[in-house]
Structure formats: structure tokens, C-alpha cells
Amino acid sequence: MAYSEKTRTAYQEDLKGIEDAGLFKKERFIHAPQNAEIEVEFPEGSALKSVINMCANNYLGLSGNQEVIDAAHAGLDSRGYGMSSVRFICGTQDIHRELEQKMTEFLGTEDTILFPSCMDANAGVFEAVLNEEDVMIADRLVHASIIDGMRLCKAMNDSYKHSDMKHLEKKLILHQDKRNRLIITDGVFSMDGDLAKLDEIVALAEKYDAMVFVDESHASGFIGRTGRGTHEHCGVLGKIDIVTTTFGKALGGASGGCVSGRRELVELCRQKARPYLFSNTVAPVIVSGTLRVMEIVSGSTERRDKLEENTTYWRQLLDDAGFDVKSGDSPIVPVMLYNAKLAQDVATDLFAEGIYAVGFFFPVVPQGQARIRTQLSAAHEKHHLDKAIAAFTTVGEKYGILGLGKQELIEKFGM
Ligand SMILES: *Cc1c(COP(=O)(O)O)cnc(C)c1O
């Protein structure tokens with residue numbers, strides 16, 4: 001027997017190790033579309049509980065939007081369920097090209113190529129456009145999918161301290177002998193909700209002859225005055241060489257992603273990127289839904305503006321209640337607790353109070369940086385946020401954390 005009792009026991013011990021370290025992830029089952037209020041089964045087998053959702057990437061509230069659902073239905077009827085092929089054999093429909101053109105226009109780039117996910121976009125893009133004569137210089141807090149993509153690429157791998165422009169400049173000087181230098185960053189960093197300094201990054205790229213890559217997964221659709229992203233916010237639209245983003249967050253929340261940027265780089269992805277060549281692309285039903293999403297976000301800033309209002313309101317509520325909140329410009333609002341167990345306990349109590357928010361701690365964030373990450377949505381109404389702050393306040397009082405700053409929290413609970 002290949003999977004012997006000994007093998008099984010060894011794997012069971014691995015799992016127990018994960019559980020003992022407090023790192024075991026248990027999933028919560030939602031019995032409804034994604035929305036501001038959801039019906040959740042947790043723990044598994046228990047009765048459904050209605051909670052306010054403060055942890056989805058449903059920034060624009062489009063995941064359960066009726067217009068998007070209708071467009072997806074229409075696409076299902078007119079283009080069928082699936083392609084049963086990768087793009088370059090017989091898996092490309094007119095609507096795939098249409099969505100690529102729409103993304104190019106929206107992101108202010110030259111061309112776009114769809115991928116099954118942004119994880120796949122990041123896995124494929126570096127290897128397709130760089131070789132051993134090049135260097136990748138990445139912010140140290142980039143998303144895991146970028147790190148994996150860089151591992152698959154033969155270019156030299158280097159990094160700079162998070163958002164440290166002096167350090168980035170040093171690295172650019174150090175690597176002047178390379179054929180190409182690619183600066184790699186997230187647009188919005190998902191744990192702290194802070195924005196990359198893209199204006200300064202572009203200036204350095206121009207000074208030291210480098211290209212710029214930005215992953216806009218937590219930005220596309222809502223950051224910047226018209227929601228085009230971090231490059232719009234920082235005034236560098238048209239100056240980013242490679243943008244990757246996902247359709248699995250603000251842009252409808254189903255799945256799919258893309259690489260958008262310089263014409264030649266996108267064409268190289270079409271010729272060489274392995275997740276593009278060897279995996280089916282986005283299903284027609286999702287392409288149809290996403291096309292409708294892009295019409296909605298291009299046609300009006302209403303949702304993006306409501307998200308901004310909600311974010312400002314929520315930050316103010318947390319501040320007034322006496323929580324230690326990380327400041328920032330994005331709808332990712334981290335409530336800092338520093339201690340991992342405290343973050344877990346607070347999240348558990350919040351759930352009991354009808355608020356679904358997740359505690360993050362090492363290794364997802366650095367040691368001693370535990371927090372509850374809250375995320376806003378245009379689907380939230382003021383009454384949701386008022387109810388949420390009441391629950392946060394109840395739990396905050398229980399643990400005696402209200403009004404305490406960083407040092408006081410660390411003194412009281414440890415790191
Ligand atoms: C969520 C996320 C991804 C992955 O997107 P998928 O389309 O779900 O694969 C990639 N990069 C960043 C920065 C993300 O936040």
C-alpha cells in the first residue's frame with residue numbers, strides 16, 4: 001500500500017503542527033451571494049447566522065449586482081458555458097478580445113491579455129518578458145503570487161525595503177550593468193492598505209532607465225479620481241509598463257485577471273506565458289459579466305465615491321471609539337492589536353456580535369503586527385457601519401483596548 005499508515009500518520013502530525021501553532025484555517029460557509037450582509041454557517045454544521053461582512057474584496061459591491069448577473073446570463077445564452085480549449089487553439093471568442101480592449105482603455109495602457117486569474121498573470125509575465133541578463137527589483141511586501149512568478153523567471157531577483165525610495169535608488173544604481181531593470185510593486189498593499197509611491201517610482205525609473213510593474217488587484221475600479229487605479233491617484237497614468245490586475249475583487253469578484261501594458265510585452269505574454277498557453281482562459285459567462293462591470297465603472301464614479309464616503313465614515317467611527325487604526329487612503333482599514341491571540345479572540349467575539357472581520361497575525365503580517373483587517377464596500381450602508389461600530393465597541397470594552405495607543409496595547413497584551 002503506497003499511502004501506508006506510517007505515511008498517513010506523518011501527514012496527520014504535519015496537520016496537527018499547523019493546528020498547534022494556531023495557524024489552522026477553518027472555512028466559513030456562506031449560504032447566499034456575496035454582499036454586505038451574509039448568511040454564514042460557522043462552525044461547520046451550526047445554524048445560519050446573519051452577519052455584516054467586513055472582510056470581502058467586494059469593494060464596489062458588484063459581486064451580487066443584478067445588472068452584472070443579467071449580463072452574465074445573457075453571455076451564457078449567447079456564448080455558451082465553456083471553451084474546452086486554450087486561447088491559441090480554439091478558445092478565443094470575440095468577447096475575450098472585447099474585454100481586452102476595454103481593459104486597455106480603462107487602465108490607460110497599450111494592450112491587454114487575459115489570464116485565468118491574476119495569480120496566473122503574475123506567474124507568467126516575468127518569465128515571458130525577462131531573461132538572465134535582466135534584474136527584478138521588488139518591494140519586500142509584494143503579494144505572494146508575484147513572489148512565485150519571480151521564482152519562475154531566470155532574471156536576477158532583488159528587492160528593496162517596503163516603499164523605501166532611497167533603498168530602491170541604491171538598487172537601481174547597483175544594477176546599471178543589467179540589460180533591463182524591472183521595478184515591481186503592488187499598487188495598494190493588502191495588509192496595511194497603503195499605496196505605492198508610484199510618482200516617485202516612475203521618476204526613479206526614468207532617471208535610471210528601468211521599467212515599472214504594478215499589481216493593481218486592490219486598486220482597479222476604485223483608487224484614483226475615476227477608479228482607474230494607483231497610477232491615476234499618483235498622476236502617472238500611461239507611464240506604467242506592466243499592470244496586472246484581477247477581476248476577482250472589485251471588478252465583479254468572480255475570477256480572471258490580466259496583464260496590461262506595453263504592446264510588445266503583452267505580445268510576448270501571448271507568445272510565451274505558460275499559464276496563458278497551457279490553461280483555459282476566463283469562461284464566457286464571466287467575460288460577459290466583467291464587460292458589464294467595466295461599463296458600470298467607466299460610466300460613473302458613483303460606487304467609487306460611495307466607497308470613499310463609507311471609508312471616511314468608518315475610519316472616523318473607529319477613531320472616535322478609541323481604536324488604534326492605521327491611517328491610509330484605501331478602503332482597507334486595519335485595526336491594530338499587535339498581539340496574535342488578542343486579534344483571534346477579538347475576531348471570534350465580533351463574529352458572535354454579528355460582525356465578520358478576520359484577525360491577521362504572523363506569518364501573514366510581521367511578528368507583533370497582529371490586527372483585525374476591515375474592508376469597506378460600496379454595498380455597505382451607514383446602518384451597517386453603525387451596527388459594526390457598536391459591536392466593535394462592545395468587544396473593545398470587554399478587552400479594555402479602547403483609547404490605548406500602540407505602546408499601551410503592547411504593554412498590556414504583549415506582542
Ligand atoms: C488577490 C490578489 C491576487 C490574486 O488574484 P486572483 O485573480 O484571485 O488570482 C494577485 N495579486 C494581488 C496583489 C492580490 O491582492
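Just so it is clear, the model here is predicted, and its values are computed rather than measured. Side chains are part of it too, since the values below use all heavy atoms of this structure and drop only hydrogens, waters and symmetry mates. Whatever order the structure lists ligands and atoms in, that order sets their numbers, starting from 1.
Tyr313 and Asp386 form a side-chain donor-acceptor contact under 3.5 Å, judged by distance and modelled atom types alone. Side-chain contact, Ser145 with Asp148: no donor N or O sits under 3.5 Å from an acceptor N or O. Side chains of Tyr208 and Glu169: a donor-acceptor N/O pair is present below 3.5 angstrom, by distance only. Side chain to side chain, Thr112 and Thr104 meet the donor-acceptor criterion of an N or O pair below 3.5 Å.
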Distances only, to 0.1 Å: what are the N or O pairs between ligand 1 and the protein that fall under 3.5 Å?
unit_1   : atom_1 : unit_2 : atom_2 : d
ligand 1 : 7 (O)  : Cys118 : N      : 2.8
ligand 1 : 7 (O)  : Thr246 : OG1    : 2.6
ligand 1 : 9 (O)  : Cys118 : N      : 3.4
ligand 1 : 9 (O)  : Met119 : N      : 2.9
ligand 1 : 11 (N) : His143 : ND1    : 3.3
ligand 1 : 11 (N) : Asp215 : OD2    : 2.6
ligand 1 : 11 (N) : Ser217 : OG     : 3.4
ligand 1 : 15 (O) : His218 : NE2    : 3.0
ligand 1 : 15 (O) : Lys249 : NZ     : 2.6

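For Ser85, the side-chain contact (heavy atoms from CB on, under 4.5 Å) partners at least two apart in sequence or on another chain are Ile89, Cys90.
Aromatic ring pairs are classed by plane angle as parallel below 30°, tilted from 30° to 60° and perpendicular above 60°; the pair Phe213 and Phe126 is tilted.
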